[in-house]
Amino acid sequence: MASLDTTPADFIRERVQADQATSAFGGRVHTRFPPEPNGYLHIGHAKSICLNFGLAEQFGGRCYLRFDDTNPETEDIEYVDAIIEDVGWLGFTPEGEPRYASDYFSQLYEWAEQLIVAGRAYVDDQDAETISAQRGGFGKPGVESPHRTRTPEENLGLFRQMRDGGFPDSAKVLRAKIDMQADNMQLRDPVLYRIRRVPHVRTGDTWIIYPTYDWAHGQSDAIEGITHSICTLEFADHRALYDWCLEQLTLPSHKPEQIEFARLNLTHTVTSKRKLKALVTERIVDGWDDPRMPTLRGMRRRGYPAAAIRAFMNRVGVAKTNSTVEIELLESFVRAELNTTALRRMAVIDPLRVVITNWPDGQVVMVEAQNNPEDPATGTRSIPFTGELWIERDDFMLEPAPKYYRLSPGREVRLRAGFFITATDVVLDDDGNVTEVWCVYDPETLGGQAPDGRKVKATIHWVSAAHAVDATVHLYERLFTDPPPGSDGTDELSSLNPASRQTLAAKLEPALGDRLEPGQVVQFERLGYFAADLDEPTVFHRTVGLRDEWANIQKRKA
RNA sequence: UCCCGGGUAGUUCAAUUGGCAGAACACUGGACUUUGAAUCCAGCCGUUGCAGGUUCAAACCCUGCCCCGGGAGCCA
């Protein structure tokens with residue numbers, strides 16, 4: 001099994017180590033997790049969070065949470081709060097208060113004026129389409145804007161008018177004056193400021209011009225003293241621009257270095273904001289926190305322990321190879337964590353009635369069951385055993401298949417922590433379905449052990465019918481049937497799994513009638529791990545099933 | 001078409017930087033078992049994208065090619 005908390009080596013950690021060896025940043029390691037507050041965090045963000053905070057932890061540095069809130073059109077306070085909460089849930093504590101790129105708007109503006117004075121930026125009057133067309137194409141040089149030769153004085157005046165409301169939205173932009181011939185398209189005079197009369201979550205209507213990502217990000221890093229600015233691969237082409245911007249300024253500290261890594265993809269799900277949003281707005285799922293969603297909130301509701309997600313991130317490592325990790329790997333970490341921490345309980349999710357014909361009328365015997373065999377310190381509990389029980393429909397077969405060794409006519413099995421029973425008769429309905437199984441029990445086998453030493457091949461779980469607690473149980477399957485949804489070029493949503501959620505009426509042992517902690521995960525023995533709903537005490541979500549050898553046997557036969 | 005990045009087992013990553021390609025997950029078999037779970041043991045999985053070259057020795061260096069991803073927002 002995977003060890004849970006070893007920090008692997010990867011090219012970023014090697015870089016940091018090398019920087020420390022040469023004292024590149026005076027021995028400091030300072031990272032940041034910089035989400036834009038325009039959506040909920042998902043498993044992909046978790047990788048970045050674990051990387052940035054993990055690096056700071058490992059090297060005795062610090063890590064900030066910084067909101068990259070430079071585009072007021074898409075951002076909302078709702079997301080700010082959710083992100084802060086989710087980062088905490090994942091188990092990380094940002095250094096100090098959250099930071100905001102918008103805190104630096106004044107500084108960024110001042111630096112823009114310096115850039116203009118230095119003749120390195122100009123105001124362009126052309127519209128977006130024209131600018132885009134002039135940018136040229138891959139392998140085709142760009143065309144310089146007619147406004148590129150404006151004097152610094154003229155540019156400064158125009159830029160101030162932009163700031164002061166002298167022009168309508170989008171009428172003018174500030175552009176860096178770099179190189180319209182550059183092979184790297186990002187260097188063909190990128191836009192630095194745009195006019196948007198949209199109230200900003202934090203600065204309200206103080207500003208009507210907003211810096212773009214490229215003008216804000218590196219400088220924000222520099223202001224905060226970030227040493228290693230880690231981002232995903234699609235920003236690789238921006239690195240030259242990131243460096244260019246910083247080189248134009250006189251910085252208080254060392255220039256941060258941008259390092260790119262490959263984002264995480266998981267099989268059978270999607271992580272792009274657009275697609276996740278589609279799932280929510282088209283009501284395919286109940287919301288951003290639906291247990292089928294790969295959002296942090298969804299996984300929390302589903303019962304995934306934060307520790308399992310962290311361990312998983314350690315295992316998948318950090319590289320520049322585009323990769324799609326099997327969701328099974330994540331699940332194996334969830335099981336490993338839950339196996340040691342989750343209390344065992346009995347619950348029947350597809351009930352079949354068992355009547356024990358030789359059981360003394362009305363007798364109730366309390367049997368002792370371990371709370372978690374992996375952790376004896378969790379002790380035992382008493383469960384009522386009676387002559388009428390629920391067992392799993394799957395645990396009885398009228399005509400047992402080969403290698404099936406659960407209950408069937410004439411066969412003896414153990415009821416976990418209870419007694420041995422042998423099936424003697426069945427009650428059938430008009431369609432021939434089994435509605436009831438009659439059994440006899442062996443009173444000598446209390447606790448599940450036969451004094452004569454005879455063995456049974458199967459142990460099955462059960463719940464006393466008279467004591468059962470009713471509950472609703474949601475079973476989840478993959479959201480998408482295709483490993484990479486939409487890989488055949490079709491719309492991802494066409495490979496949606498119509499059976500991604502199945503809802504059943506379950507019978508629980510009485511101990512589960514007492515309110516669990518919201519979100520607490522227990523193991524329903526032989527079925528899997530189930531999380532108590534955050535709001536509804538009698539609703540459970542299956543976090544993940546147990547490994548199931550019987551299912552494998554059947555699959556192989558098919 | 002141009003620029004950048006990548007290609008090692010089914011998957012994700014290693015390989016002490018040129019020195020016997022190996023871990024985890026998955027899969028298969030066995031042991032154990034009051035969860036067909038967990039645990040333990042074993043096995044399977046490789047033309048290191050392809051073709052050349054350098055070298056005693058190449059996943060690693062050189063040349064050419066192929067394939068995949070990203071890049072022409074006033075998104076991030």
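Order of the sequence lines fixes the chain letters, A, B, ..., with proteins taken first and strands second; residue numbering starts at 1 for each chain. This structure is a prediction, so every number in the text was calculated from the model and none was measured.
- Interface remark: the A:Arg196 side chain does form a donor-acceptor pair with the B:C74 base, using a distance-only criterion of under 3.5 Å.
- The shortest distance between side-chain heavy atoms of A:Glu444 and A:Asp452 does not fall below 4.5 Å.
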Filtered N/O pairs between nucleotides 17-19 of chain B and protein, under 3.5 Å:
unit_1 : atom_1 : unit_2  : atom_2 : d
B:U17  : O4     : A:Glu14 : OE1    : 3.3

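- Taking atom C1' in both B:G7 and B:U48, the straight-line distance is 9 Å, to the nearest Å.
- Spacing between B:G49 and B:G43 at atom P, rounded to whole Å, works out to 27 Å.
- Checked by distance alone, A:Arg344 brings no side-chain donor or acceptor within 3.5 Å of a matching partner on the base of B:A38.
- Note on residues 129-143 of chain A: no pairs pass salt bridge (charged side-chain N to carboxylate O under 4.0 Å, His left out), not counting sequence neighbours.
- When the side-chain nitrogen and oxygen atoms of A:Ser323 are compared with OP1 and OP2 of B:U12, none of them lie within a distance under 4.0 Å.
- For A:Gln186 and B:G5, the CD to C1' distance is 14 Å, given to the nearest whole Å.
- A donor-acceptor contact under 3.5 Å is formed by the side chain of A:Glu326 with the base of B:G10.
- Residues A:Glu144 and A:Lys177 are not paired through a salt bridge, judged by the lack of any N-O separation under 4.0 Å between the basic side chain and the carboxylate.
- Contact annotation: side chain of A:His461 to base of B:A37, donor-acceptor pair absent below 3.5 Å.
- RNA chain B is contacted by A:Pro373, A:Glu374 of residues 367-376 of chain A, taking any non-hydrogen atom closer than 4.0 Å.
- Side-chain atoms of A:Asn322 lie closest to B:G5 of the nucleotides B:G5, B:G71, B:A37.
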Symbol by symbol from the 5' end, with Watson-Crick or G-U pairs under 3.5 Å, [ ] crossing and | another strand, RNA chain B is .((((((..((((.....[..)))).(((((.......))))).....(((((..]....))))))))))).....

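- When the nucleotides B:A23, B:A26, B:U35 are ranked by their closest atom to the side chain of A:Glu328, B:A26 comes out on top.
- For A:Arg526 and B:G36, a side-chain-to-base donor-acceptor distance below 3.5 Å is absent, hydrogens and geometry of angles not being considered.
- Between A:Arg99 and A:Glu224 there is no salt bridge, since no side-chain N of the basic residue sits under 4.0 Å from a carboxylate O of the acidic one.
- Taking the C1' atoms as reference points, B:G18 lies 12 Å from B:C56, given to the whole Å.
- If you measure from atom CG of A:Leu41 to atom C1' of B:A76, you get 14 Å, rounded to the nearest angstrom.
- The phosphate of B:U11 (OP1 or OP2) has no side-chain N or O of A:Thr267 nearer than 4.0 angstrom.
- Checked against salt bridge (Lys or Arg N to Asp or Glu O under 4.0 Å), A:Asp164 has no partners two or more places apart in sequence or in another chain.
- Identified under the side-chain hydrogen bond (donor to acceptor under 3.5 Å, both in side chains) test for residues 256-269 of chain A, with sequence neighbours left out: A:Arg15-A:Glu257, A:Glu234-A:Arg263, A:Arg239-A:Glu260, A:Gln258-A:Glu260.
- Among the nucleotides B:A76, B:G36, B:U35, the one closest to any side-chain atom of A:Gln523 is B:U35.
- Using a 4.0 Å cut-off between a side-chain N of Lys or Arg and a carboxylate O of Asp or Glu, A:Arg335 and A:Glu328 do not qualify as a salt bridge.
- For A:Ile553, the side-chain atoms get nearest to B:G36 when compared with the rest of B:A14, B:G36, B:U1.
- Checking B:G71, B:U1, B:A76 against the side-chain heavy atoms of A:Asn71 singles out B:A76 as nearest.
- Between A:Ala101 and A:Arg66 the shortest heavy-atom distance is N-CG, 4.2 Å.
- Using a cut-off of 4.0 Å between Lys/Arg side-chain N and Asp/Glu carboxylate O, A:Arg526 and A:Glu392 are scored as not salt-bridged.
- In summary, the aromatic rings of A:Tyr109 and A:Phe159 are positioned with their centroids under 6.0 Å apart.
- Using P as the reference atom, B:U16 and B:A23 are 15 Å apart when rounded to the nearest Å.
- The nearest whole Å value for the distance from the CD1 atom in A:Ile12 to the P atom in B:C13 is 12 Å.
- At a threshold of 4.0 angstrom between heavy atoms, the contacts of A:Thr324 are confined to the sugar-phosphate backbone, with no base atom among them.
- The separation between A:Glu509 atom CD and B:U35 atom C1' is 13 Å, rounded to whole Å.
- A centroid separation of less than 6.0 Å is found between the aromatic rings of A:Tyr441 and A:Phe419.
- Every residue two or more places apart in sequence or in another chain that forms a ring pair (Phe, Tyr, Trp, His ring centres under 6.0 Å) with A:Tyr213 is listed here: A:His217, A:Phe235.
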For nucleotides 27-31 of chain B, list the nitrogen or oxygen atoms of the protein found under 3.5 Å from its nitrogen or oxygen atoms, one pair per line.
unit_1 : atom_1 : unit_2   : atom_2 : d
B:U28  : OP1    : A:Arg556 : NE     : 2.6
B:U28  : OP1    : A:Arg556 : NH2    : 3.2

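- Side chain of A:Ser220 to main chain of A:Ala216: a donor-acceptor pair is present (N/O by atom type, distance under 3.5 Å, no hydrogens or angles).
- Distance from the side chain of A:Arg135 is smallest to B:A72 among B:G6, B:C25, B:A72.
- In this structure, CZ of A:Phe312 is placed 14 Å from C1' of B:A26, rounded to the nearest angstrom.
- When the salt bridge (Lys or Arg N to Asp or Glu O under 4.0 Å) test is applied to A:Arg345, no partner is found at least two apart in sequence or on another chain.
- Each of B:G36, B:A37, B:A72 was ranked by its minimum atom distance to the side chain of A:Leu546; first place goes to B:A37.
- Residues satisfying the ring pair (Phe, Tyr, Trp, His ring centres under 6.0 Å) test with A:Tyr40, not counting sequence neighbours, are A:Tyr79, A:Trp288.
- For B:G5, neither phosphate oxygen OP1 nor OP2 lies less than 4.0 angstrom from any side-chain nitrogen or oxygen of A:Arg239.
- The interatomic distance linking A:Phe138 (CZ) with B:C2 (C1') rounds to 8 Å, in whole Å.
- Closest to the A:Val325 side chain, of the nucleotides B:G10, B:U12, B:C74, is B:U12.
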For nucleotides 45-47 of chain B, print each protein N/O atom paired with a nucleotide N/O atom at under 3.5 Å, atom names and distance only.
none

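- Spacing between B:G71 and B:A76 at atom C1', rounded to whole Å, works out to 14 Å.
- When the P atom is used for both B:A58 and B:A21, the distance is 10 Å, rounded to whole Å.
- Of the candidates A:Tyr100, A:Tyr210, A:Trp207, A:Tyr210 is the only one forming a side-chain contact (heavy atoms from CB on, under 4.5 Å) with A:His200.
- For A:Lys320, counting side-chain heavy atoms from C-beta on, the closest listed nucleotide (B:G6, B:G10, B:C74) is B:G6.
- Nearest to the side-chain atoms of A:Met185 among the listed nucleotides B:G71, B:G7, B:A76 stands B:G71.
- Sorted by first and then second residue, the pairs that involve residues 167-176 of chain A and meet salt bridge (charged side-chain N to carboxylate O under 4.0 Å, His left out), not counting sequence neighbours, are A:Asp124-A:Arg175, A:Asp125-A:Lys172, A:Asp169-A:Arg197.
- A:Thr445 contributes a side-chain N or O that, together with a main-chain N or O of A:Phe420, makes up a donor-acceptor pair within less than 3.5 Å.
- For A:Tyr213 and B:A76, the ring-to-base geometry does not satisfy the stacking test (centroid distance below 5.5 Å, interplanar angle below 30°).
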